[in-house]
Every structure is written in C-alpha cells, then in structure tokens.
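Just so you know, residue 1 is the first one in the sequence shown, and it goes up from there. Atoms within a ligand are numbered from 1 in the order they appear, just like the ligands themselves. Only this structure's heavy atoms are used, side chains among them; waters, hydrogens and symmetry mates stay out.
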Amino acid sequence: MIAVPMPHQLILDSTEQIWADFRIATLARNVSQPYGLLIGYWMGTSGGKIAWLEPQPPRLPKVERASWIWGKQQLLTPGLIDCHTHCVYGGNRADEWERRLSGESYQTIAASGGGILSTVRATRLASEEALVASAALRVGSFLAEGVTTMEIKSGYGLNMESELKMLRVARRLAVDFGIDVEPTLLAAHAVPPEYHGRSDDYVQWVCRDMIPAAKEHCTAVDVFCESIAFTVAQSTQVLQTALDCGLKIKTHAEQLSHQGFATVAAKMGALSVDHIEFLPEVDCQILARCGTVATLLPGAFYYLRETQKPPVKRLLAEAVPIAVSTDCNPGSSPILSLRAAANLACVLFGLTPEQAIMAITRNAADALGIAQRCGTIEVGKDADLAIWDVSSPAEICYALGGNPCVASFKRAKRIRTQFLN
Ligand code: DI6
Ligand code: FE
C-alpha cells in the first residue's frame, strides 16, 4: 500500500489541486496491480508535489482550498520520460536515408564524411537561435504526447564553442517549455575533421579541456564506443574523467558490433548502457549486479534495418531494469514520438506493453538518476502527470499516429506544447 500522510500533515495552500474520477496507473513498485493501477482513488497535489493518494473522497478543508481536476474516468499516468535524445541539431539527413535504402550502409556513409560528421558541419554553422527554433518543434511533438522530462545530448559540435552552444540550447528549451531537461555532454561522439587520424589527441582534448569546461552545463557525460567511433580504452578515459569531475556517466555501447564496453561502463557506475544489440547474454548478470539500466533504442534498430536484437529475454530474466527511448537524431533514428518507440520495443524486441510503459516512465527515471523525484505516481514525488483518453494503459503505445494524450503537467502546472517566443 502507498503511504498516505495523515490529514494534519498536509500543507494546504492555494497551490493545491484535487484529482478526482481518474483511473491512476501509478507504475509504482509497491502497487501489485498491472501498471500499478488504482481505481477509485483520489489524489492531491500541493506545491507541485503529490501530497496524498487515498481511496476515500477528500474531507474538508481539503475540498475548500483546492482547485479540482475531474478525470471522467480518463487514465492518469506519470509524465513520460525520454532518457536518450540527440534532438538539438542543424540540417537533416533524409538524403542519407535514401542512400541507405538503396543499399549503402550507415558505416560506409560515415566513413565517407557523411553520418554524424555531416550533422556536425550543419550544427556548427547554425546560430543558437536557429537551433532553439528547430529543436523546439521536435520538443513540442514529444510534449504533446505526454513527455515531461527529456535528456538532450550534445555531440554535433565536437569543439568547445559548438558543444557549449548545444548545451545552452538544451537549457533554454527546458526554461521555455517549463519542463526538466537533463543535458548530457557527448563530445566523444565522433572524431572531428580537425583531428582526423588522431583520435587519441581528440580524446585527450575532451578530457583535459572539454569536460571541465562543460561540467556546469551538463549533468552527465556519454561516449560512443564503436568501431566507427572510440575504443574501449578511449571511452574508459572519457568516463573516468567525467566521474572525476563529479558527473554522471552513461554510454552508447554494443550498437553495431561487440566491443565489450557495456560491462566496463557498468562496473564504473554508468547509469545506463544504451543500444546493446550486441551485448552477450552472459553480460546481463553483470548489468544486474551493478544496478545499470539497459536502454533499448528500437528506432535506430528499425531505421538501420539491423537484425541483431538486444538480449531482452535474458535482461528480463536477470531483472535488469529496461528503459526505452527514441534516440531522436537526424541519422539513425529520426523519431519524434516516445509512444512510437515504446510500440517498436513491443513489436520488434518483444516487450509487453506494461514493460514498455514501465520503460518510458519508472525505468527511464532510473536511467537518468532522477527516480527520487519522478517516474511514478507516489506521495512525495513531483506531480509530473499525463492524462490519456484510453480505456486501457496498453493503448498508450498501441496505435502509431494519432494521439490519446489529453494534457500533461510539470509539477502540477499544465505543459504547453507550443513554443511561445
Ligand atoms: N548512436 C546513435 O544512434 C546516434 N549516435 C550514436 O552514437 C546516431 C547519431 C547520428 O547518426 O547522427
Ligand atoms: Fe544515441
């Protein structure tokens, strides 16, 4: 049972709301129903937090002081969390998609100066204003579908000026939309042209100059460990520097080939290891032991027409928490819908809808290290909420297209999905 505070503990003020006549999918661990579903409960939010959740109608004086939100039996869930995006960038790469569809591989396009480096050229040229404007359209799409917290990575600047520019854009999006953004430094995404053939020198620059300069502007550091990006030794150096600077760490690992970095990162304390199509089954227990979240990015798997799937059954058997994210980026995963990513995780990777919804709420909060404040509907957490016009929670990720999200709230304040500046 959820701990319900006694009425005298409630702080009643003008910022109090009563949420009535909802079906509440709490996603909380301690509610045994599927999706943590509570029927016939009433909820109170106060000062932007969930203050109480009770099976009885509220008594005076709660009733007098609060504003009421009537659900008409709609479904209330935690706000969705997209824990892995590259949604700030210049240009677009539809031309590369056409090339890939006629047979070229992601890797050969990258080797010929396309791929990530083509977005780096466009992002360096774009002004901060232009990046805010283009990313705002994408963020607006996420928010319209119930997202209340997003991670946004840098990684298309690859020099001091443009990496910091990307991180500033991420912060501005958070302020302008009134949502939480976790900005992540991904300077080790690709070797920039100035360092062509000198990846060790670039990694040294990232560690000596870039991470210390960015540490006030991001909460975590990510690295792309892959045959077309950085080696295990280089990636280890990047994440160790981040830890030394007091930042959280995570990694793109085992996406296109097996490099063996996921377990190294897990042992270093990575919050999550992301992609992991090529993670060997035996490594799943190491993730479990380290408490590392496995973040699945089925959009990249789908767009790159990969065939090697992440070891989902084994991850579940070892009780590794699974998160799902869009990986929203202009190359391998131009997906602007977290609901669509959850759907792909069900259809392509075999998650149940309940596991998929868990993966875009509670487990996504774990993947960002913010589960103490969001990811479930529980007393004491932020009132980050989404209202859905659905008859069952599975419908949140059932249809592709359409949008059953009626409204969403950040700390009990209605989120607007239009950019007003
Ligand atoms: N893996 C990805 O899925 C993105 N970055 C990465 O390391 C792709 C980025 C891109 O193609 O622009
Ligand atoms: Fe990514």
Side-chain angles (χ1 to χ4, degrees), residues 82-97 99-100 104-124 134-135 138 150-158 162-163 166 170 182-192 199 220-231 234-235 238-239 250-257 259 261-262 265 270-278 293-306 308 310 323-336 338 341 344 364 367-368:
D82 197 331
C83 64
H84 179 138
T85 85
H86 311 246
C87 70
V88 172
Y89 58 82
N92 88 74
R93 308 219 304 264
D95 57 330
E96 289 184 7
W97 183 52
R99 283 166 66 185
R100 289 205 309 274
E104 273 188 80
S105 77
Y106 184 71
Q107 288 91 326
T108 48
I109 292 172
S112 68
I116 294 170
L117 290 184
S118 98
T119 301
V120 169
R121 286 189 291 277
T123 305
R124 285 180 177 181
S134 60
R138 296 175 202 123
M150 296 178 71
E151 188 250 22
I152 299 182
K153 300 176 196 295
S154 68
Y156 293 122
L158 311 188
S162 297
E163 285 293 297
M166 290 186 73
E182 292 287 313
T184 296
L185 180 74
L186 178 57
H189 194 194
V191 179
S199 60
V221 170
D222 190 352
V223 60
F224 186 20
C225 183
E226 190 52 67
S227 54
I228 57 168
F230 297 94
T231 64
Q234 291 168 334
S235 303
V238 169
L239 295 194
K250 59 180 76 172
T251 181
H252 285 71
E254 334 297 0
Q255 177 188 4
L256 307 168
S257 62
Q259 302 287 316
F261 189 59
L271 288 171
S272 69
V273 291
D274 302 22
H275 287 289
I276 59 164
E277 280 84 344
F278 286 83
V293 176
T295 298
L296 307 182
L297 305 170
F301 175 90
Y302 163 78
Y303 270 101
L304 298 183
R305 296 197 286 187
E306 296 290 341
Q308 170 86 25
V324 167
S325 164
T326 57
D327 194 17
C328 169
N329 75 68
S332 63
S333 190
I335 291 192
L336 300 174
L338 187 54
L344 293 178
L368 295 175

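Residue Y302 places its OH atom among 12 or fewer non-hydrogen atoms of other residues, nucleotides or ligands, all under 6.0 Å distant.
In this structure, R138 satisfies the cation-pi test against Y89, with its NZ or CZ atom closer than 6.0 Å to the six-membered ring centre and inside 45 degrees of the ring normal.
With the Fe ion (ligand 2) as the vertex, atom NE2 of H252 and atom NE2 of H86 span an angle of 100° (nearest 10 degrees). In this structure, OD1 of D327 and NE2 of H84 enclose an angle of 80° at the Fe ion (ligand 2), rounded to 10°.
Ligand 1 has no atom lying under 4.0 Å from any heavy atom of E226. Proximity of G115 to ligand 1 is not established, as no heavy-atom distance is less than 4.0 Å.
Within the 3.5 Å criterion, the main-chain N or O of V223 finds a donor-acceptor partner in the side chain of T251.
Scanning the protein heavy atoms around atom 12 (O) of ligand 1, the nearest turns out to be Y156 OH, 2.6 Å.
Here's the thing with T119: none of its N/O atoms is less than 3.5 angstrom from an N/O atom of ligand 1.
Here Y89 has no heavy atoms under 4.0 Å from ligand 1, in either its backbone or its side chain.
In this model, no donor atom of one side chain and acceptor atom of the other lie less than 3.5 Å apart for H189 and H252.
Nearest-heavy-atom check against atom 6 (C) of ligand 1 across K153, H252, H275 picks out H252.
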